[in-house]
Protein chains: 2
Amino acid sequence: MSAAAGAERAEGLVEGRSVARRGRPRSEEVRARIFQATIELLEERGFKELTIEAIAERAGASKVTLYRWWPGKAALATDAFLGVAGPLAPFGHTDSALVDLREQMVSQMRVLAGRWGKIIAGLIAESVFDPEVREAMRTRWLEPRRAEGRKVVERALVDGELRAGTDPEVVLDALYAPLYWRLLLGHAPLHAAFARQVWSAALLGIATDAARARLERPAKAKR
Amino acid sequence: MSAAAGAERAEGLVEGRSVARRGRPRSEEVRARIFQATIELLEERGFKELTIEAIAERAGASKVTLYRWWPGKAALATDAFLGVAGPLAPFGHTDSALVDLREQMVSQMRVLAGRWGKIIAGLIAESVFDPEVREAMRTRWLEPRRAEGRKVVERALVDGELRAGTDPEVVLDALYAPLYWRLLLGHAPLHAAFARQVWSAALLGIATDAARARLERPAKAKR
DNA sequence: ATTCCGAAACGGTACGTTTCGTATTCGATG
DNA sequence: CATCGAATACGAAACGTACCGTTTCGGAAT
């Protein structure tokens, strides 16, 4: 709710039609300057060192204006980031849903390794502490991407590329968690090759045929 | 360095032998009370709401004493947690290294779902912001566990349970990242079953035999 | 009349530091 | 063995700083 702030006062939406409100309208220019300053400071200092006062100063705005539209720096930062971070890494539509998944993983990896990576890591980390950030990141960042991914996984199931009974949620966690994990921890590089390795491991499995045969029937049945 | 603080002043270590220093020795009782208070407050309020002043008050200690031994709340919290979080989830040693991995994943999942889960999540999140916390968590929490896991993975390779050429680092990320991912995001429950599903997916693969055959030779070669 | 923006000031919290008095140990001296 | 001084630790109090989130006021735009 507060995460989607930055509107709904000078201009109300009633049944889709914009209703002109009385009084001075909100300055879109100030709003833009605030977002600009927020993104800049987010890149320069990171979320932890970000302060409302610094944003106000750089944006040439008043603290009061910031607090009028956002409850705090967490909501403002998520709003600013989610505003500029639109599609970013869409899915393709080749013959194979599995290949589409792989290519999107590679794209996603490039996003995480690039300019937005630090900001994304900071917001995800902050979401551990702040329920509003968690909600915003979940509904506006992760879930939209998961929804797309879920569709692709389900297509793979329908097409017989994935084993029947496979849980799409588990698939999505298994594929994407390692990418974010390396982003957050920074214990290993964020190469595109890593995304492909994870994809390959999850899809084909890493066990040998011998081990696979043994594991699929844990009992010592010969056949 | 500061993470392993809390010693090395009143009692120096010279070539392994403890050398008596002059002056009043450090009070182990105060140290214990500080750790106790830190853990309590960490569980009650979480890392974000933790303050040095609250710790000092509950421990009946002086702020000066805290700042003498730790540079800030991050170092103190990691020290306190890592002090009590010892082995926690060891590996077994059955015939199959893969089974050992699975069982340890289930144990680890129980740890994450339990009393320490919130604290661990907070410290990992903080590690995104604070390089010292990252270093401490990496070298004292993750890496020891990874080292154990790496040995088990290598045993699986030697035993022919894993395909030759499999990168142990990728395996560890693929297996454990999803568990921590759910801990951090909280978008899905932390059931033991999930750990088994991830294990199973990574080991056996989730692709159907038909898709597997196609993916293993991307060219349209018939044979 | 209503709503917005900016400037300034405010009380509050926690930070990290300094100062001071006191307590506890060691080493040296007698 | 007893005592003294140096060194180190602990606690209490106070301090300046940074940023928080809020209030008040004056002016601007519909």
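Keep in mind the model is a prediction, meaning the values are calculated, not measured. Throughout, protein chains are lettered first and strands after them, A, B, ... in sequence-line order, and every chain is numbered starting at 1.
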From D:dA12, C:dA7, D:dC10, nucleotide with atom closest to A:Ser62 side chain: C:dA7
Which of the following nucleotides, D:dT30, D:dC10, C:dC5, is nearest to the side chain of A:Ser27? C:dC5
Considering only side-chain heavy atoms of B:Trp69, which listed nucleotide, D:dA9, C:dT3, C:dG6, is closest? D:dA9
Would one find more than 12 heavy atoms of other residues, nucleotides or ligands at under 6.0 Å from atom CD of A:Glu57? no
Whole-Å distance, A:Glu57 CD to C:dA7 C1', equals 14 Å
Which of the following nucleotides, C:dA7, C:dT19, D:dA29, is nearest to the side chain of B:Val64? C:dT19
Counting side-chain heavy atoms from CB outward, which of C:dT25, C:dA8, D:dG11 is closest to B:Arg33? D:dG11
D:dA9 base / B:Arg26 side chain donor-acceptor hit below 3.5 Å: no
With 3.5 Å as the limit, what N/O pairs link the protein to nucleotides 9-16 of chain C?
residue	atom	partner	partner atom	Å
C:dC15	OP1	B:Ile52	N	3.1
C:dC15	OP2	B:Ile52	N	3.3
C:dC15	OP2	B:Glu53	N	3.3
C:dG16	OP2	B:Tyr67	OH	2.6
C:dG16	N7	B:Lys63	NZ	2.9
C:dG16	O6	B:Lys63	NZ	2.8

Can you measure A:Leu66 atom CG to D:dC19 atom C1' for me and round it to whole angstrom units? 13 Å
What verdict does the side-chain contact (heavy atoms from CB on, under 4.5 Å) test give for A:Arg134 and B:His187, after you've listed the backbone C-alpha separation in whole Å, the side-chain angles of each residue and the deciding distance to 0.1 Å? CA-CA 10 Å; A:Arg134 175 159 52 235; B:His187 61 295; over 6 Å; no
Partner residues of B:Lys151 under the salt bridge (charged side-chain N to carboxylate O under 4.0 Å, His left out) criterion, sequence neighbours left out: B:Glu148
Straight-line distance of B:Glu43 CD to B:Lys118 NZ, nearest 0.5 Å: 8.0 Å
Nucleotide D:dC19, atom P - distance to NZ of B:Lys48 in whole Å: 15 Å
Side-chain ion pair, A:Glu154 and A:Arg150, N-O less than 4.0 Å: no
If the threshold is 4.0 Å, N to carboxylate O, is there a salt bridge linking B:Arg58 and B:Glu44? yes
What is the ring orientation for A:Tyr180 with B:Trp181, classed by angle as parallel under 30°, tilted 30 to 60°, or perpendicular over 60°? parallel
Using a cut-off of under 3.5 Å, enumerate the N/O to N/O pairs linking the protein to nucleotides 2-6 of chain D.
residue	atom	partner	partner atom	Å
D:dA6	N3	B:Arg22	NH2	3.4

To the nearest 0.5 Å, how far apart are CD1 in A:Ile52 and CH2 in A:Trp70? 9.0 Å
